[in-house]
Amino acid sequence: MYLKNLADTSSRRFVSSFHGKRFMGTYSDIYQRREQTGCELCQLLIRSLTDKPTITTTNNDSARCRLSWVLDGRLAPGMVKRTRRLAIEWVAIDAVYEPSYIVLVAPDGRDAGDANFFLGRRLANLGVANFQLVERWLSLCRESHPDCRIDHTSPTFLDLQSQACFMVLDVKGMLLRELPEGAKYAALSYTWGPPDGATALEKFTATDLNTHELEKENGVAEVLGMLPLAIRNAIALTRRLGIDYIWIDSLCIMQGNEPSWGANARFMDSIYGNAELTICAADGDGADSGLQALYALDIEHPDGYTRGAEYQAIAMYSQETEDSVLELMLSWPSDAHISVSRWNSRAWTFQERMLSKRCLICVNKSMYLHPPGGSTALSVELTGAAARTFSTRILRRLATNPVAVYEDCIQMYTFRQLSDESDILSAFAGIGKVLCKALARNAGDETALLFGLPASHLDYALLWQPNECPERRCLSNAYFPSWSWSGWETGMGRSPRPWIAAEATRRSTRLPRLAK
């Protein structure tokens with residue numbers, strides 16, 4: 001009932017003069033209306049709270065709901081065709097709610113990522129289709145985003161390729177080898193283990209003792225069953241996408257070998273920055289969760305592919321004929337799920353995501369392609385309507401205001417968790433090199449990080465302030481001075497959700513803004 005009235009009203013006022021927000025009632029009002037009338041729109045509104053990625057309050061009864069229209073469209077001559085979303089806004093005194101949207105589901109036969117439309121995509125046994133979708137996304141990104149192009153002739157990459165420690169996994173021959181000149185490769189970003197203390201170190205890793213065997217034909221295939229599911233899935237996906245090589249830290253770095261570990265850690269900016277695609281395994285609590293948007297976890301799906309339809313909130317609005325169905329879908333921005341994942345709380349994954357040209361992020365049984373050069377994030381459920389990517393918003397300011405970018409990076413990074421506290425600077429080294437290059441251009445001279453503080457702006461960087469009472473980072477195997485943020489533990493471990501401006505004050509480390 002409410003859905004039809006709202007749709008009828010909007011159809012008469014399609015032009016951009018439609019303004020304002022429509023109050024839909026409190027949670028209790030909407031819940032009762034759904035029970036009494038079976039209203040499809042009320043059902044979606046209720047699920048926008050009960051299915052939300054994070055729990056911010058235990059009592060939703062007093063929350064008030066408002067709806068408003070949001071217009072979407074890609075830049076094109078005349079912008080003739082545009083698609084609208086319904087933005088759902090919940091307001092309560094004691095809670096902060098993530099934004100969510102209601103979108104039209106793409107009719108059968110129409111691609112949800114059509115150049116002129118932004119529609120929801122129904123998930124149902126999309127195993128093969130999802131692989132084809134990733135291929136189309138990569139093709140679109142290569143054609144449309146010049147910022148994402150990989151330059152394997154750059155001095156930094158050639159320096160990396162000359163390092164004897166830089167190895168990749170050949171996904172056809174299933175062996176470790178040097179990367180051939182001009183060859184494309186993927187990279188994997190994942191967490192080694194769940195938070196209960198069991199880590200992937202208990203699984204198979206490359207060491208001085210077994211590397212020789214792994215460099216033989218099918219050497220990695222012989223130990224494939226000992227690898228975490230995320231690694232096995234990533235190898236299969238890379239092969240399916242026609243990319244012959246992949247870089248995976250537990251296989252391409254000799255664990256326990258300090259020269260191999262140190263050299264690779266110093267080149268993280270080049271390793272991830274030159275990967276054709278970074279596959280981010282953000283499902284679940286660790287590497288054993290796999291890539292659930294593409295592969296099934298158990299024997300319930302004998303075809304090997306996961307089903308997604310049961311996780312979607314879809315309401316049928318009308319069906320005039322068998323071939324004419326109007327359906328609406330509940331959707332969240334990609335960062336709503338990514339920001340609350342364990343993968344997003346780890347220190348090493350911060351720079352892995354920031355440095356990558358293209359990230360295929362698998363989270364919450366969905367997948368998203370985040371291209372820094374594009375204006376939108378692409379997703380299985382919703383193509384084009386998501387917010388600008390996390391790394392784009394920050395790194396695009398490098399050329400104009402690198403000091404502010406440095407501030408933002410340390411504010412977010414110091415919320416992250418480390419299994420080994422001595423890695424506090426190593427896990428920041430890759431993004432640190434990128435920041436130093438930008439700061440050097442800004443200052444007109446070369447610079448470096450001194451325990452995480454830029455030498456070119458050391459007087460200013462020393463003014464960092466914690467937002468809480470930190471504890472001194474005292475380690476037996478490493479020393480970090482008290483004048484650096486790296487010398488203190490914050491005890492946090494979850495970066496602030498990007499859409500909640502008020503939470504910016506909760507960042508663990510901050511700097512006073514420079515006066516313009």
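Formation of a donor-acceptor pair under 3.5 Å by the R232 side chain with backbone atoms of L227 is found in this model. Judged by distance alone, with hydrogens and angles left aside, the side-chain atoms of Q255 form a donor-acceptor pair with the main-chain N or O of I253 at under 3.5 Å. The main-chain N or O of I338 is found under 3.5 Å from a side-chain atom of S341 such that the two form a donor-acceptor pair. Side-chain atoms of R473 come within 3.5 Å of backbone atoms of S486 as a donor-acceptor pair (strictly under, hydrogens ignored). In this structure a side-chain-to-backbone donor-acceptor pair under 3.5 Å is missing from N364 to S366. No donor-acceptor distance shorter than 3.5 angstrom exists from the side chain of N344 to the backbone of V340, with no hydrogens or angles considered. One N or O on the side chain of K357 and one on the backbone of R149 form a donor-acceptor pair closer than 3.5 Å. The closest donor-acceptor contact from the side chain of Q351 to the backbone of I431 lies under 3.5 Å. Formation of a donor-acceptor pair under 3.5 Å by the Y272 side chain with backbone atoms of L188 is found in this model. Although no hydrogens or angles enter the test, the distance criterion places no donor-acceptor pair under 3.5 Å between the side chain of S356 and the main chain of R358.
A cation-pi contact links R85 to Y101, judged by a cut-off of 6.0 Å to the six-membered ring centre and 45° from its axis. In this structure, R66 forms no cation-pi arrangement with F23, as its terminal cationic atom is not both closer than 6.0 Å to the ring centre and no more than 45° off the ring axis.
Between K184 and L277 there is no side-chain heavy-atom pair separated by less than 4.5 Å. For the pair Y27 and R64, the minimum side-chain heavy-atom distance is 4.5 Å or more. Contact of the F204 side chain with the L251 side chain is registered, since non-hydrogen atoms from C-beta on lie closer than 4.5 Å.
One finds no salt bridge joining D423 and R346 here, because no Lys/Arg side-chain nitrogen approaches an Asp/Glu carboxylate oxygen to under 4.0 Å. Under the 4.0 Å criterion applied to side-chain N and carboxylate O atoms, R142 and E276 are assigned as salt-bridge partners. With respect to the salt-bridge test (charged N to carboxylate O, under 4.0 angstrom), the residues D285 and R342 do not qualify. One finds no salt bridge joining R239 and D244 here, because no Lys/Arg side-chain nitrogen approaches an Asp/Glu carboxylate oxygen to under 4.0 Å.
One distance of note links CG of L330 with CG of L44; it measures 6.0 Å at 0.5 Å rounding.
For the residue pair S189 / E352, a side-chain donor-acceptor distance below 3.5 Å is found, with atom types taken as modelled. For the residue pair T26/D29, the side-chain donor-acceptor check at 3.5 Å is satisfied. A donor and an acceptor atom, one from each side chain of W90 and S48, are located under 3.5 Å apart. Inspection of the Y190 and D249 side chains reveals an N or O donor paired with an N or O acceptor under 3.5 Å. In this model, a donor atom of one side chain and an acceptor atom of the other lie less than 3.5 Å apart for D420 and S422.
By the ring-ring contact (aromatic ring centres under 6.0 Å, His included) test, F428 is found to be paired with Y413, W485, residues two or more places apart in sequence or in another chain being considered.
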* Asked: Could you go step by step and tell me if V171 and V220 meet the side chain to side chain contact (heavy atoms under 4.5 Å, CB included) rule?
  -> CA-CA 9 Å; V171 298; V220 176; over 6 Å; no

* To do: Take H370 and S334 through the side chain to side chain donor-acceptor pair (under 3.5 Å) test and state the conclusion after the steps.
  => CA-CA 9 Å; H370 278 200; S334 58; 3.0 Å; yes

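The heavy-atom pair separating V134 from M367 by the smallest distance is CG2-CE, 3.5 Å.
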